[in-house]
Every structure is written in structure tokens, then in C-alpha cells.
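Read the structure below first, then the notes.
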Amino acid sequence: MGGGMPLVRYWVDKMASPKGVQIWKKLMHKSACLSCAWGTGGQKGAFMNELEEPLQRCVKSLEAIASELQPGVKPHFFEEYPLYHLQTLTSMECDRLGRLSFPVIYRAGKSHFEPISWDEIYQIAETAFKYPPHRVASYSSGRSSNEAAYLLQLMIRALGSNNLADCSDLCHAPSSVSLSTVFGTGTSLVSLESLQQADGIVLVGSNAPANHPRLMNELIKLNERGGTVIVINPLREVGLMKFGSPAFPLSSLVQGSKISSLFLQPVPGSDLALFMGIQKVLLEREWIQLDFLQSHTDNWQEVVEQVKATDWATLTNICCISKEEIETATEMIHQCDRVVFAWAMGVTQQTNSVDTIFSIANTALMTGNVGKLGAGLMPIRGHSNVQGFGSMGVTVRLKKEIREALEKLLGQSLKREPGYDARALIEAADTGQVDALLCLGGNLYAANPDLTQAKRALGQIDTIIYLATKPNLGHFHGLADKNTLIIPVYARFENPHKTTTESGNNFVRLNDEGRTHLKNADLTSEVEFLTELAHRLHGSSPVDWRRLQETRYVRQLIAQTIPGYEKIGEIDQTQEEFTISGRIFLEPKFPTRTGKAQMQVTPLPTLSLPTRQEFGIAHNTPSIVVALMTGRSYSQHNTVVYKEGDRYRGVPHRYCILMNLLDVQQRGWVEHQRVNVRGDAGQLNNIEIIIGDVREGAALMFYPEANLLMKASIEPRSGTPAYKRVPVVVFSEMSSGYSDDPLASQEHSDGSSD
Ligand SMILES: Nc1nc2c(c(=O)[nH]1)N[C@H]1C(S)=C(S)[C@@H](COP(=O)(O)OP(=O)(O)OC[C@H]3O[C@@H](n4cnc5c(=O)[nH]c(N)nc54)[C@H](O)[C@@H]3O)O[C@H]1N2
Ligand SMILES: Nc1nc2c(c(=O)[nH]1)N[C@H]1C(S)=C(S)[C@@H](COP(=O)(O)OP(=O)(O)OC[C@H]3O[C@@H](n4cnc5c(=O)[nH]c(N)nc54)[C@H](O)[C@@H]3O)O[C@H]1N2
Ligand code: SF4
Ligand SMILES: [Mo]
């Protein structure tokens, strides 16, 4: 079972700790939760969601607060420890150094990071960002505020650059691309209120019990009102079978509430075939809602033709789910009146993710499950303000209306070329085409595939400026060619000004001013840094950047230029948090050219894996090629590891591979045995086998450690890496040809550390 009493124990432990009072204060601070995009907290109170339902704060929220409440990095730390030492630290060790509380610089060739004055910081930054605009870039991570995001893109675009890479490029970009193509809107079509009216939910490629715990409350409630939950995931996540939530009576917490009505375990990357199978059953049983398709969609005939023309064997061979199981799933969907289709990284981090989301949308449309209360499409967003970044224009796919509004504001025409997304940025840097990079949070190095390339690429950039709250792997491995600056910033609940954030459910939260617990700290706010740099780069006309240090003026610009955000202009007076207009669809009328949904034909994926020989493994070596899914453990936030193990999956530490029992037995292996794992970019040795309920031929490892293994293929329309279907070979002894293998040079042996 997921959740349950261990959660309560965690709360009690944290609150009874010496830091308990501090944590409690921050928890009660009127600001959105730092952790995920479900968006609990804000003006309505710490434990409230947007519908003012109580008990909505989860342990992950506490974990994130506790991590930001660490004491500052010791004043002499960087003088004491040389770079080579910092580079031996693990993700968790980096985080445990504490909060960054004074700015430092690493000058190439030196042995240590050293403190730096604000004057010199701005001099270096100003010089760096005066390079030709196509050679400067930013990367951002969705924890910062809407105001910081808006200022970032305005400053970079005003320079004449569109190089606004963002963590969403590695995350939900495929959802934005697909939904915009079909519906003319890139975010969830469903509000929390509407979700609560559903009688069916199809949850695809999400580990919500760990990553969006309060979504679980909605699944429990749905079950209680007799609804249906279909889960699609190659791994049976325990919390998706049964989950104990503190928001429900004690019996539920202790014994757990049932979650899934049906659990399907397709091959990683094959969800599209499964959804086409569902469409085929709908067609065979004449359950397709033709009236709906005729009135509210275009191109439906081609989609139906494709389904007709595809035979059953083709579909079931790809996803390895039987026709009978697909029929059961379809019957369940058909019996519901209002179904929400929700998905996360299991869907988006695939080479064909945009097509897969098209197939999910097609299924929803064929069953009339879009554009009404209780039904629709819901990408489950990641970082707490990642969606806000997209809305604020931090994207390489800027909407025409926003571009025109920004052009009017700046009195200059903006570049039309799309700019670098996160992957393109690394590729461009790798070929020496980037001179300056500003990272507003995040960990560009460790979030990318092929860490060897990421390190090399960042090393070709002259100047990198990291704005961050805590040290991470990227600060010590993602070093620039000349100057690497780490600028300490306030966390959300410490900012000296008000900010706003946007949840995955399109709800805008207002975050109050706060204070930091750090003593003698020399921090800046993101808004202060960006406005000061922009002032130095652009002067004070037509935009008075320094005035924008007062964030209510930024909100006025947002209200003027960002569609749906009009209400933010008055939020300082009204304190009224709001749902962005034009995002939630209770009628099947969409902002497309014809007002109808644009259905898309969905090519089937070819899911072959390389042979062992192609990985350089000899025939007689016990080995297996698997589709490796890389993702989060229960106790980490993205590249930041909070705890070594994952108790819900029975994984004791970071250097483990979760495998299917038969796959293990057939190679003559046993659980806890150590093996090697090799991908197309690197190898990890001494990896412990853990048996899990994952389907045959698939396996799971944790990122960022696993990012050393793969180059990762990229979904072409969104630029998102296929982190969830990484071809690797698992083997138990060196193959004879091993030493000749170029990959041997990237061998990594940290696996032995546990
Ligand atoms: N506590 C915590 N919360 C977080 C985060 C965190 O790191 N920690 N990160 C935040 C961010 S940025 C994000 S993007 C989200 C991530 O939230 P999730 O998307 O839930 O996270 P992942 O760990 O990437 O796991 C995705 C799930 O996809 C499944 N999967 C893998 N391949 C496939 C496939 O081919 N098909 C299907 N159907 N399923 C598949 C995996 O088994 C896993 O259960 O969480 C956010 N919230
Ligand atoms: N193999 C594999 N790789 C993946 C994924 C996967 O599932 N598998 N998932 C991908 C996904 S979905 C994502 S979103 C990316 C995540 O990539 P990123 O968003 O780039 O990385 P994070 O680990 O979330 O960044 C953490 C750092 O953010 C900084 N930080 C925290 N709060 C603040 C703040 O308020 N302001 C500022 N300025 N800094 C702050 C801290 O210094 C912290 O160390 O990773 C991607 N990479
Ligand atoms: S579900 Fe997400 S937003 Fe809500 S409290 Fe938990 S981590 Fe925070
Ligand atoms: Mo993400």
C-alpha cells in the first residue's frame, strides 16, 4: 500500500524535531506549496486546495520546506574544499551542504570557488549578455515565480534572443504541443471542480502517490462514489493499487483505500497501440459517438479509417496487452458518463509522445468525453510553477498573440525563429555556439541525458550564472569555460515581495512576502537580480526595469500581455486567486480555426531494441536487453535526492535496477545480485538487482544517476527526451570484447558505494 501510517510518522517526526516550529511557520505561510503543480496552499490557507477543502497538504510539501530550511552553507566552506572534492559529492550530499547564502564564482583554472562582490557579478553578467543575441541563452526550472519568469523572457527577448530553454522541454512539452494542435489550448482542459464530477479516470504513466499525492484524494473519492479508475503503467506502483491518505477516516489511512479498478501493464512506449485498441473496440461495438464527432471535430473520418485498417494482432503485438483486457477497459470507459484522461512522464518522455497524446485525445473525443463537466484531458504537471513559466512566455513556442503584445510593450519587433529548447541548447553549446547562459533555478546538467556530453557542452560556454537556493550537482559539474557564478536567492516563502504561481489545474495563487531564516545571509531575490541586469542591458526605456522590482508593476504588464491573466492586474487589491480564463472547457467549442477539435491520425510506434551484440556483449555472457524506464524514487525531488532508498518499491539505495522475476531467473540471476548496466552513452557497474512488479522486458532505475547511460532519442516536435524507454543491456560479467569498447572509457563504478 502507498501512503498510510508512515506518512503520519513522517509528519510527527518532522514536527517534533528541533526545526518543527520553523517548518510549521513556513507551512502556514500564505504561499503555494513548493513541490508539485497540484498547487496546494496560498491565500486560502496552508492546508486548502482551491475549493477550500481541508487536509490537502502532503508529506512531499514538508520534505521540500525542510530542505529549504537547512542552515546556510558554512562561511568558509568553499575556501576549505577544492573543486575536485565538490565533484565527488552525490546529489544528496550536495543538497545537505545547506542553503546557499553568499554568492561565489569559479574562475577557470583555479582550485576553489571563491566569494564575489555584487559589483563584479553585475559587471560579468552585463558583459556576458552583450554577446550577439543568438549566442546567449537562459534555462529555467519551474519553481520560480510568474513575475521572475515574465521578466526573464522579456529581458532575453528584448536582447533579440529566443533561446529560452526550460525544464518543461524535458517534461510536459509534448502535452502542450499535442493539446495545442488538437484543441488550440496547451494546458489541462479540466478544473479540480470538474474532476470531482467525473465517474471515471484513466491514469496513464503517472506515479501520483509519490509525485502528486493529493491527486490520490480525488481517486479515493471517485472510488467512494462508485467510479472507475483505470491505471496504465508497465510497473504496478503499490500506491496505485491501494493508498492511505490522512484526509480520510482512520480506517482508510491504516488499511488503505482501493485505487485501481483495472491495472494494465503495457510495454514501455506502447501506450498509443493500447489506446488505438480501445478505439477499435469502440468501433466494433458501435460505441463511437458519431454525433459528437460530426458536430465538434474535424478529421475524424481519417482517424476512424486508420483504426479500421489496423488489425488486432498488430496492436496487441506492440503493447502486449490482450484483446480481452482492452475490451474490459473499453467497457469500463463506455459505462462511465464522464471520464477524465490524465497522464504524466510515462507518456511524455517517449519518442512518440506527441502521437500518444493525440491517441488519448482521440479516445476522449470518440467517447464524447471532452467539453463537459467531469470529463476531459488533464496533463499532470511537474514543478509547482512550471505551467506558469509557459504562460509567461518562457517557451520556444511563443503564441502569436503574446508576441504581438510584447512587441507593442517593447516597441520593437521580436525575432521569429524559435530559439533553443533544453536539448537544442546543449547541442548548440557542444558545438561552441553559446557564450552566455543564465540558469534561473534547476539543474540543467543532471536533468539532461548523457551527462558526459552535458558537462562537455556547458564547458564550452564562456559564462554561466546559476541562480539557486541550494547547491546541486550541476553547480560543480556544469562549469563554464571562464566564469561560473552561483547566486543565492530567496525561496518562494522568503521573497521580500509578493509573487504569483499557476497550478496544473490553471489556478493562480498569490504568495505573500516572507523572511528568510538564514543568519547574515547575502541573498538576492530573482526579481531584483533580473531587473537590475535588465536595467544595465536595456536602460530604462521603453520599460523602466528598476520600477519592476515592485512586483505589482510586473503583474500589470502580465495582465496587459498574457491572455487569460487579466485578473492578475487587480490581485494586489482583491487578494483574489483565480482560474485563468479560457482554459477550462465545459462546452465542446475550442479555440481552433474552426472551433472544432482537430483530430490527428496516429502512426504506430516500432518498438525494437538493439541486440546484445550491438551493445558489444558476447553470446555466452548472461545478459538481457531491456527497455529501461528512468524516473523518481519516493524520496527525491527531480535531480535532488532526499533519501537513499525507496521503501514503497523495496529499493534500498540509488544504484539498483528493478526487474521482472522471470527476466532475472532466466539469466540464472537472483535478487540482490550485482550486475552491470550499459547504454549507448555509458555504463554503471555493481548495480543491485531488485525484483519488482514490472512487466517482462522492462526495468526501472533512478535519475539523475542513470542519465550517464543514455544519449536518449528525442521526440521531434517537442524536443523531449525518451527517458522512459532507454535501451540498455544488463549483464553479469565482462564480455570478451569489452576492453575494446569505446564505452569502457566512461565506465562508472559508484555502484559500489553502497
Ligand atoms: N515528490 C516529488 N514530487 C514531484 C517530483 C519529484 O521529483 N518528487 N517531480 C515533479 C516533476 S518535475 C514531475 S514532471 C512530476 C513527475 O511525476 P511522474 O510522471 O509521476 O514521475 P516519474 O517518476 O517520471 O514516473 C512516471 C511513471 O511512469 C511510468 N511509466 C514509465 N514508462 C511508461 C510507459 O511507457 N507507459 C506508461 N503508461 N507508464 C510508464 C513509471 O512506471 C512511473 O510510474 O512530479 C512532480 N512532483
Ligand atoms: N532520466 C530522467 N531524466 C529526467 C527526468 C526523468 O524522469 N528521467 N525528468 C525530467 C523532468 S520531468 C524535469 S522537470 C527535469 C528537472 O530538471 P530541473 O528543474 O532543472 O532540476 P531540479 O532538480 O528540479 O532543480 C533543483 C534545483 O533548483 C534550485 N531551486 C529550488 N528552488 C528554487 C527557487 O525558488 N529559485 C531558484 N532560482 N532555484 C531554486 C535548487 O538549487 C535545486 O538544487 O529533469 C528531467 N530529467
Ligand atoms: S500534492 Fe503537491 S502541491 Fe499538494 S501538498 Fe503535496 S506536493 Fe504540495
Ligand atoms: Mo518535470
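Small disclaimer: the values here were computed from a predicted structure and weren't measured. First listed ligand is number 1; within each ligand, the first listed atom is number 1.
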Next item on the list: For Glu526, take its heavy atoms, then give the atoms of ligand 2 lying under 4.0 Å from any of them.
Entry: 34 (C), 36 (N), 37 (C), 38 (N)
Note to self: So if I count the atoms of ligand 2 from 1 in the order they appear, which ones are less than 4.0 Å from some heavy atom of Asn707?
What the structure shows: 1 (N), 2 (C), 3 (N)
Check: Using a threshold of 4.0 angstrom between heavy atoms of the protein and any atom of ligand 1, which residues qualify?
Finding: Cys36, Lys60, Cys171, Val204, Gly205, Ser206, Asn207, Ala210, Asn211, His212, Ile232, Asn233, Pro234, Leu235, Glu237, Pro268, Gly269, Asp271, Ala344, Met345, Gly346, Gln350, Gly382, His383, Met629, Gly631, Arg632, Gln636, His637, Asn638, Lys724
Checklist line | Atom pair CZ (Phe389) and OG (Ser141), whose distance is rounded to the nearest 0.5 Å | finding: 7.0 Å
Check: For ligand 2, which atoms, with element, lie under 4.0 Å from some heavy atom of Val489?
Finding: 36 (N), 37 (C), 38 (N)
Item checked: Interfacing atoms of ligand 2 (cut-off 4.0 Å, heavy-atom, Leu467) -> 37 (C), 38 (N), 39 (N)
Next item on the list: Using atom types as modelled and distance alone, determine if a side-chain donor or acceptor of Asn385 lies under 3.5 Å from a backbone N or O of Ser144.
Entry: yes
Check: Looking at Tyr10, is Lys60 sitting on its ring face, NZ or CZ under 6.0 Å from the six-membered ring centre and within 45 degrees of the normal?
Finding: no
Note to self: Checking Glu325 now: which residues fulfil salt bridge (Lys or Arg N to Asp or Glu O under 4.0 Å) with it, not counting sequence neighbours?
What the structure shows: none
Next item on the list: Validate the cation-pi geometry between Arg236 and Phe263: distance from NZ or CZ to the six-membered ring centre under 6.0 Å, angle to the ring axis within 45°.
Entry: yes
Notebook entry, point to check: Side-chain contact, heavy-atom cut-off 4.5 Å: Ile121 with Ile487?
Noted result: yes
Check: Does ligand 2 have an atom that lies less than 4.0 angstrom from a heavy atom of Tyr139?
Finding: yes
Checklist line | Proximal ligand 2 atoms for Met710, defined as those under 4.0 Å from one of its heavy atoms | finding: 1 (N)
Item checked: Working for salt bridge (charged side-chain N to carboxylate O under 4.0 Å, His left out), residues Arg99 and Glu494 -> CA-CA 13 Å; Arg99 280 286 298 277; Glu494 300 169 339; 2.8 Å; yes
Next item on the list: Quick one: pull up CG in Leu215 and CD in Glu218 and give me the separation to the nearest 0.5 Å.
Entry: 7.0 Å
Next item on the list: Using a strict 4.0 Å cut-off to heavy atoms of Asn472, name the atoms of ligand 2 that fall inside it.
Entry: 27 (C), 42 (O), 43 (C), 44 (O)
Check: Between Asp646 (side chain) and Val651 (backbone), is there a donor-acceptor pair under 3.5 Å?
Finding: no
Notebook entry, point to check: Relative to the ring of His29, is the ring of Phe493 parallel (under 30°), tilted (30 to 60°) or perpendicular (over 60°)?
Noted result: perpendicular
Next item on the list: Please identify which atoms of ligand 2 are closer than 4.0 Å to at least one heavy atom of Ala468.
Entry: 38 (N), 39 (N), 42 (O)
Margin query: Give the atom numbers and elements of ligand 2 that come within less than 4.0 Å of a heavy atom of Gly441.
Written below: 37 (C), 38 (N), 39 (N)
